[in-house]
Amino acid sequence: QVQLVESGGGSVQPGGSLRLSCKASGGMFSINRMDWYRQAPGKERELVAGITETGSTNYLDTVKGRFTVSMDSAKRTINLQMNNLNAEDPAVYYCYAETTETIMLLTRNYWGQGTQVTVSS
C-alpha cells in the first residue's frame, strides 16, 4: 500500500508564497502521474495542477503563471510552488497519485490526507 504525505501548508498574507510537497512511499511502484487538488469549504474539489511521467503539466486557469508543479520520480515526490497567493487560493490541498505496482502491474490510485493553505491579511 502506498502512502502520500503532504507538507508545506500554512498561512501567508496575500501575495505570499508557499511550497507544497507530497512524498509517495510504502510500496514497490512507479508513478504514472501526480496531481494537486484543492477543496475550499462548501465547494467541490478541483484540480489545481498535475504532471505526468513524461513531464507534461496542466494547470487550473486561475493559477497559471503563479503556480508551478514539478515531480522527482526517483524521489517519488511532487512539489507545488505557489506564488502570489490570493483570496481565491485558501483550501485544503490534496495530493493524488496514479501508480503502477511493479509486481503485477496493477494500477492503483491514492490520495493524501491534505494540507491546509490559508491566506489572510
Side-chain angles (χ1 to χ4, degrees):
Q1 185 175 2
V2 175
Q3 290 182 309
L4 303 179
V5 179
E6 302 104 331
S7 62
S11 180
V12 298
Q13 295 183 341
S17 298
L18 286 172
R19 184 175 179 86
L20 306 182
S21 295
C22 175
K23 172 70 175 179
S25 62
M28 299 180 64
F29 62 93
S30 61
I31 297 173
N32 303 328
R33 65 173 298 113
M34 296 185 75
D35 302 300
W36 284 101
Y37 287 76
R38 69 186 182 189
Q39 187 167 21
K43 297 183 178 180
E44 295 184 353
R45 191 171 299 185
E46 63 182 352
L47 177 64
V48 178
I51 186 167
T52 72
E53 60 182 347
T54 64
S56 178
T57 60
N58 62 284
Y59 296 92
L60 183 67
D61 284 344
T62 56
V63 309
K64 289 181 179 178
R66 299 189 296 121
F67 292 8
T68 302
V69 65
S70 60
M71 181 169 64
D72 185 335
S73 59
K75 297 181 179 180
R76 297 173 177 174
T77 299
I78 184 175
N79 299 305
L80 184 67
Q81 179 66 46
M82 305 186 295
N83 298 326
N84 196 23
L85 288 159
N86 59 47
E88 295 186 351
D89 298 320
V92 177
Y93 283 70
Y94 296 92
C95 178
Y96 170 86
E98 179 186 296
T99 70
T100 299
E101 183 270 328
T102 57
I103 303 301
M104 299 298 295
L105 301 182
L106 299 174
T107 299
R108 294 283 187 264
N109 302 326
Y110 299 93
W111 288 94
Q113 293 298 308
T115 185
Q116 179 73 53
V117 171
T118 301
V119 181
S120 62
S121 59

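Note that the coordinates shown come from a computational prediction; the quantities given were computed from them, not determined experimentally.
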I'd like to check [X] versus [Y] (side-chain heavy atoms, cut-off strictly below 4.5 Å). Are they in contact?
X	Y	value
V48	Y37	no
V2	L4	yes
S17	N83	yes
F29	R76	yes
M82	Y93	yes
L85	L18	yes

Are W36 and F67 close enough that their ring centres sit under 6.0 Å apart?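 No, they do not, as the ring centres are separated by 6.0 Å or more.
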
Are [X] and [Y] linked, directly or through other ILVMFWY residues, by side chains that come within less than 4.5 angstrom of each other?
X	Y	answer
W111	L20	no
L80	V92	no
I31	V5	no

Tell me the salt bridge (Lys or Arg N to Asp or Glu O under 4.0 Å) pairs involving residues 9-33, sequence neighbours left out?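 Matches after skipping sequence neighbours: R33-D35.
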
Does any donor atom in the side chain of N79 or Q81 lie under 3.5 Å from an acceptor atom in the other side chain?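 Looking only at side-chain atoms, Q81 and N79 do not form any donor-acceptor pair under 3.5 Å.
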
Pair D72, T77: side-chain N/O donor-acceptor within cut-off below 3.5 Å: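 Not at all, the side chains of D72 and T77 share no donor-acceptor pair under 3.5 Å.
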
Would N109 and Y96 count as a side chain to side chain contact (heavy atoms under 4.5 Å, CB included) here? Give the steps. CA-CA 7 Å; N109 302 326; Y96 170 86; 3.1 Å; yes

Under the rule for salt bridge (Lys or Arg N to Asp or Glu O under 4.0 Å), what residues qualify as partners of R66, not counting sequence neighbours?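 Partners of R66 under the salt bridge (Lys or Arg N to Asp or Glu O under 4.0 Å) test: D89.
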
Heavy-atom pair of closest approach, residues A40 and P90: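 Here A40 and P90 meet closest at CB-O, 3.7 Å.
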
In Å, rounded to the nearest 0.5 Å, how long is the span from [atom1] of [X] to [atom2] of [Y]?
X	Y	atom1	atom2	value
C22	M71	SG	CE	11.0 Å
M34	I51	CE	CD1	10.0 Å
N32	R108	CG	CZ	12.5 Å

Can any side-chain N or O of [X] pair as donor or acceptor with the backbone N or O of [Y] at less than 3.5 Å?
X	Y	result
E6	C95	yes
Q13	G16	no
T100	L105	no

Between side-chain atoms of residues 112-121 and protein atoms elsewhere (two or more places apart, or another chain), which donor-acceptor pairs fall under 3.5 Å?
from, atom 1, to, atom 2, distance (Å)
T115, OG1, G9, N, 3.3
Q116, NE2, A91, O, 3.3

Do the numbers put R38 on top of the ring of Y94, so that NZ or CZ is under 6.0 Å from the six-membered ring centre and no more than 45° off the axis?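 Output no; distance or angle outside limits.
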
Side chain to side chain contact (heavy atoms under 4.5 Å, CB included) assessment of I78 paired with V69: CA-CA 7 Å; I78 184 175; V69 65; 3.6 Å; yes

